[in-house]
Amino acid sequence: LGVSESAGIDEIKRAWREKSLAYHPDHNKDDPQAHKQFILINCAYKFLLEGKGCDELEQEDKLTEEKLSTDGKYRLDNPWGYFAWWRENYFSDKE
């Protein structure tokens, strides 16, 4: 949220309001990362005020990980995984 470690509750709430309005997905329809940013902002707020982790962030990470794998065989989030997927799809001996 961009607050100092010694920030009080009011300062944390003010920073959360500013950031959540700035990064709200409804206001950033052209930004594919807006939803993830919004989740991070809400998770940071929850952590700073309550000291608890964020289930929404874990769910978002799980969905992202599922999108990055192709049938559980290759991960497309790194060059080697993408290369292996590409090699198999374009140069395999399968007919």
Side-chain angles (χ1 to χ4, degrees):
L1 294 177
V3 296
S4 68
E5 289 184 28
S6 61
I9 293 173
D10 291 336
E11 188 178 348
I12 293 170
K13 286 182 180 181
R14 187 174 26 257
W16 170 77
R17 277 190 212 105
E18 289 174 7
K19 299 278 186 183
S20 62
L21 286 173
Y23 290 99
H24 195 282
D26 289 345
H27 299 292
N28 297 289
K29 294 181 189 230
D30 295 332
D31 184 4
Q33 293 296 316
H35 180 70
K36 178 101 175 183
Q37 279 295 114
F38 190 69
I39 289 173
L40 287 171
I41 290 164
N42 286 319
C43 288
Y45 178 75
K46 184 176 180 179
F47 180 76
L48 289 173
L49 289 186
E50 300 172 8
K52 295 180 182 177
C54 191
D55 295 334
E56 293 88 1
L57 185 60
E58 290 176 20
Q59 289 288 37
E60 183 69 21
D61 287 342
K62 184 179 177 184
L63 290 173
T64 302
E65 187 173 313
E66 289 172 2
K67 290 178 190 173
L68 292 174
S69 65
T70 55
D71 299 330
K73 194 171 184 182
Y74 302 113
R75 290 186 50 92
L76 302 180
D77 62 337
N78 67 68
W80 289 111
Y82 184 76
F83 173 75
W85 171 84
W86 187 79
R87 183 185 61 199
E88 181 176 306
N89 282 297
Y90 293 103
F91 293 103
S92 71
D93 292 337
K94 293 188 280 184
E95 294 183 25

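Note that the structure is a prediction, hence the values are computed from the model and not measured.
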Query raised in the report: Do you know which two heavy atoms are closest between P25 and H35, and how far apart they sit?
Result: CG-CA, 3.8 Å

**Report entry** Over all atoms of both residues, closest heavy-atom pair of A34 and N28
**Finding:** CB-CB, 3.7 Å

Report task. Could I get the full list of ring pair (Phe, Tyr, Trp, His ring centres under 6.0 Å) partners for H24, not counting sequence neighbours? Result -> H27, F38

Query raised in the report: In Å and rounded to the nearest 0.5 Å, what is the CG to CD distance from D31 to Q37?
Result: 8.0 Å

I'd like a table of donor-acceptor pairs (distance under 3.5 Å, sequence neighbours excluded) in which one partner is a side-chain atom from residues 12-21, with atom names and distances.
from : atom 1 : to  : atom 2 : distance (Å)
W16  : NE1    : N42 : OD1    : 2.7
S20  : OG     : W16 : O      : 2.9
S20  : OG     : R17 : O      : 3.2

Query raised in the report: For the hydrophobic clusters of this structure (ILVMFWY residues joined by side-chain heavy atoms under 4.5 Å, transitively), does one cluster hold both Y45 and I39?
Result: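 Each belongs to a different hydrophobic cluster.
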
Query raised in the report: Hey, any chance L40 and F47 share a hydrophobic cluster, counting ILVMFWY side chains that come within less than 4.5 Å of each other, even indirectly?
Result: no

